[in-house]
Every structure is written in structure tokens, then in C-alpha cells.
Amino acid sequence: MVSKQLRVVVTGAGGQLAQCIKHLDANFNHLFYYKDRKALDITDANSVKTVLDALKPHVIINAAAYTQVDLAETETDAAFAVNERGVANLAAYCSENRVKLIHISTDYVFDGASSRPYLESDATAPQTTYGKSKRAGELAILEAAIPAFWIIRTAWLYSIYGKNFYKIILNLAQSRDELSVVNDQTGVPTHALDLAHFILKHIPQLNPQNSGIYHFVNSGQASWFDFAQAIVAQNGLKTKVIAVSSAQYPTLARRPKFSVLDNSKLQKTFNYSIRDWSTALPG
Ligand SMILES: NC(=O)c1ccc[n+]([C@@H]2O[C@H](COP(=O)([O-])OP(=O)(O)OC[C@H]3O[C@@H](n4cnc5c(N)ncnc54)[C@H](OP(=O)(O)O)[C@@H]3O)[C@@H](O)[C@H]2O)c1
């Protein structure tokens, strides 16, 4: 059966995930429209309506977000403007125009105090302004009557695009003999191309029955120290990676100690196997 060609709008087109989606989209038979912040500012409800009315999408992938975790502590309004009110604009448009929505959220909606991977059904308790603004965006979607939606929580994204831990460590390791990296925060390094592939492959399956929240992270878990060590080893470098505690690296926004997301709901629902973070590492 030939599946229907869908019109798909991707917001936040200048960002890491959107660029990963674009990187892979030629393998998928849909019409993609990429809109960066200049072309479509999601905080501007009029612009949302004008741009989307002209494109008549079947599906919107919202990869736009305020992602500066530390700066959000002092720019609260800017974070909520994008991550709550911008998302609410898209949700209202989707609800009024019967458009499906794929939205990306974060492990920061949890408090980081768990000792086992977080399930979609676990209580949220964001500890940072960024996390609170992202949770507010989730609620805006859950409260809107959107015909079909996925809220996909992910974490520790990296790729060849944008600014991310992988690229920072690789750059530093190429010029230094030693690197200090925190060893007391645990999560899951997640290749943004893996997330992009999952999304692209499953767009035609988005329907009211499978609407809801899903966790997409690579399988397994690691500390930032483990991740850095693997990056160094994978790239054949000799840099010594030294484990330090987060107390030695204070940041404005306190990072969750443990933010491993359980991805089994997504794997079961879509019969889709997500590879281990260590296998996903390029090099
Ligand atoms: N990166 C991670 O480790 C991580 C972890 C967990 C969850 N996530 C979530 O994953 C999603 C994708 O993240 P990413 O890594 O691709 O982030 P990113 O590289 O920072 O991309 C976000 C994009 O959104 C754009 N944007 C900001 N405000 C906007 C607005 N008002 N209207 C339209 N676009 C706007 C940004 O443009 P400017 O550059 O012009 O501001 C940027 O191009 C986000 O929802 C993020 O919260 C990311």
C-alpha cells in the first residue's frame, strides 16, 4: 500500500534536532517545510496562523524551544514565552484546524531524585525554570483538543549540528591532555539522528489511539564522565578524563542527579528497537 504524502511543517529549523530531521528526510516520502525562528516565531499567534494557513500542514513537528538552561534562570519570561505560550499557540492552531502535532520535551520535567528510570506516568517536579517552562508546554498540549499528538521527552541530545556536549568534548580532547568531567549526574546520551529517524519513520502512524507522552532516549545509561570517556576512546584520542563532582562545577540551574528515561513504552508501542547509547556514538 502506498502511504499518503503528508505535508509536514518543522519549526525551529535552525536548531539541532530540526537539522537532523532535514538530514534524513530524503528517505521519507512527505513534503517538508522547514521554518526557522525568523520565518515562523511560535510566540507570535498571528504569524503562526498566517504561515500555517498558507502551508496547510497535516502534521507539525515542533522542534522550536528556548533551550538555554542556565540563562533561563534569569530570563524566566523569555523561557515561558517560547516553551509555554509558543507551544500553546501551536496547540490552539492544531486543535482549531485538526492538525496533528509532534512536540519535543525533556528529562528536566522530573526532579532527578529517582533511583530507577523515569516512566511517562511518573509525577513531574521540574527543579529549573527551563524544566518548569517545558512542563508548562506539555500541559498546554494535554489541555488542547488536538486530534492526535505525541509529546516526546528526550535528553542529552548530540549530533554534528548545533552546540552539544559531544562536540565540545571532542574539540577540547583534540587540544588538551586532560579533561575534568562530572561523574555524579546520570542520564542517557542520545544521538539526535536516532530521534529524528524514529520521528520520520512513524509520522504516518500518529493517530488518536497512540496519542500521548513517550520517552525517546538511546538505551542504557551513563554519567557525563562515561560519555566523555567514550567520546575520547571512540575517536582514538589519548586525553585523560578525570572524574569530578558537580560541586566542583556549580551552574546557575541545578542539573538533575539522575534523569534516565525509561523508553520501553515507545519501543513496545511502535515495535521499534532503540540502540544502546554506546553503539550510537559516531567516531
Ligand atoms: N539539546 C538537548 O540536549 C535536549 C535535551 C532534552 C530535550 N531537548 C528538547 O529537544 C528539542 C530540540 O532541541 P535542540 O537541541 O534542537 O535545541 P536547539 O538547537 O536550541 O534548537 C531550538 C531552536 O528553536 C529556535 N527557537 C527559539 N525560540 C523560537 C521561537 N520563538 N520561534 C521559533 N523558533 C524558536 C531556536 O532559534 P534561535 O537559535 O534563533 O534561538 C533554535 O533554532 C527542544 O524542545 C528541547 O527542549 C533538547
Quick one: sort the Trp277 and Phe227 rings into parallel, tilted or perpendicular, breaks at 30° and 60°.
perpendicular
Stacked cation flag Lys49 on Tyr93, 6.0 angstrom / 45 deg
no
Measuring from Leu55:CG to Tyr33:OH, what's the distance to the nearest 0.5 Å?
6.5 Å
Kindly say whether Ser47 contributes a backbone atom to a donor-acceptor pair with the side chain of Asp41 at under 3.5 angstrom?
no
Exceeds 12 heavy-atom contacts within 6.0 angstrom, atom CZ of Arg275:
yes
Side chains of Tyr166 and Asn235 only: does a donor on one sit below 3.5 Å from an acceptor on the other?
yes
Taking the side chain as every heavy atom from C-beta outward, state whether His191 and Pro282 have any pair of such atoms under 4.5 Å apart.
yes
By ring-ring contact (aromatic ring centres under 6.0 Å, His included), His58 pairs with (sequence neighbours left out) none
Taken to the nearest 0.5 Å, the spacing of Ile152 CD1 from Leu261 CG works out to 12.0 Å
Identify whether Leu206 and Ile203 are in the same connected component of the hydrophobic contact network (ILVMFWY, side-chain heavy atoms under 4.5 Å).
yes
I'd like to know if Arg153 and Asp262 make a salt bridge, using a cut-off of under 4.0 Å between side-chain N and carboxylate O.
no
Linking I/L/V/M/F/W/Y whenever any side-chain heavy atoms sit under 4.5 Å apart, do Phe270 and Ile213 land together?
no
Distance, nearest 0.5 Å, that separates CG of Asn62 from CG of Leu90:
5.0 Å
So, Ser159 side chain and Leu193 main chain: donor-acceptor pair closer than 3.5 Å or not?
no
How about Asn171: does its CG atom have over 12 heavy atoms from other parts shown lying under 6.0 Å from it?
yes
Side-chain donor/acceptor of Gln185 to backbone N/O of Phe258, under 3.5 Å:
no
Side-chain donor-acceptor contact under 3.5 Å, Glu73 with Thr129
yes
Under the 3.5 angstrom rule, does the side chain of Asn263 hit a backbone N or O of Val217 as a donor-acceptor pair?
yes
Joint hydrophobic cluster, Ile141 plus Val8, side-chain heavy atoms closer than 4.5 Å:
no
Should the ring pair Tyr272 and Phe216 be called parallel, tilted or perpendicular, given that the plane angle runs from 0 to 90° and is split at 30 and 60?
tilted
Could you tell me whether the side chain of His197 reaches within less than 4.5 Å of the side chain of Asp194, counting heavy atoms only?
no
Partner set under salt bridge (Lys or Arg N to Asp or Glu O under 4.0 Å) for Asp44, not counting sequence neighbours
none
When you measure from the side chain of Lys201 to the backbone N and O of Phe198, does any donor-acceptor pair fall under 3.5 Å?
no
Are Phe110 and Val188 connected, step by step, through hydrophobic side chains (Ile, Leu, Val, Met, Phe, Trp, Tyr) whose heavy atoms are closer than 4.5 Å?
yes
Does Gln248 use its side chain to pair, donor to acceptor, with the backbone of Ser245 at less than 3.5 Å?
yes
Donor-acceptor pair, Thr239 side chain versus Asp177 backbone, under 3.5 Å?
no
With Gln229, which residues qualify under side-chain contact (heavy atoms from CB on, under 4.5 Å), at least two apart?
Phe225, Val241
Residues Asn210 and Gln205: side-chain donor-acceptor under 3.5 angstrom
no
Membership question, hydrophobic clusters at under 4.5 Å side-chain separation (ILVMFWY): are Leu139 and Tyr118 in the same one?
no
Is the side chain of Thr190 donor-acceptor paired with the backbone N or O of Asn218 at a distance under 3.5 Å, no angle test?
yes
Quick one: CD on Gln5 to CG on Asn29, what's the gap to the nearest 0.5 Å?
4.5 Å
Flag, side chain of Lys134 to backbone of Val109, donor-acceptor distance under 3.5 Å
no
Taking the six-membered ring of Tyr34 (Phe, Tyr or Trp), confirm whether the NZ or CZ of Lys22 is under 6.0 Å from its centre and within 45° of its axis.
yes
Going by heavy atoms in the side chains, are Phe165 and Tyr158 under 4.5 Å from each other?
no
Checking Glu178 side chain against Ile242 main chain: does a donor-acceptor pair fall under 3.5 Å?
no
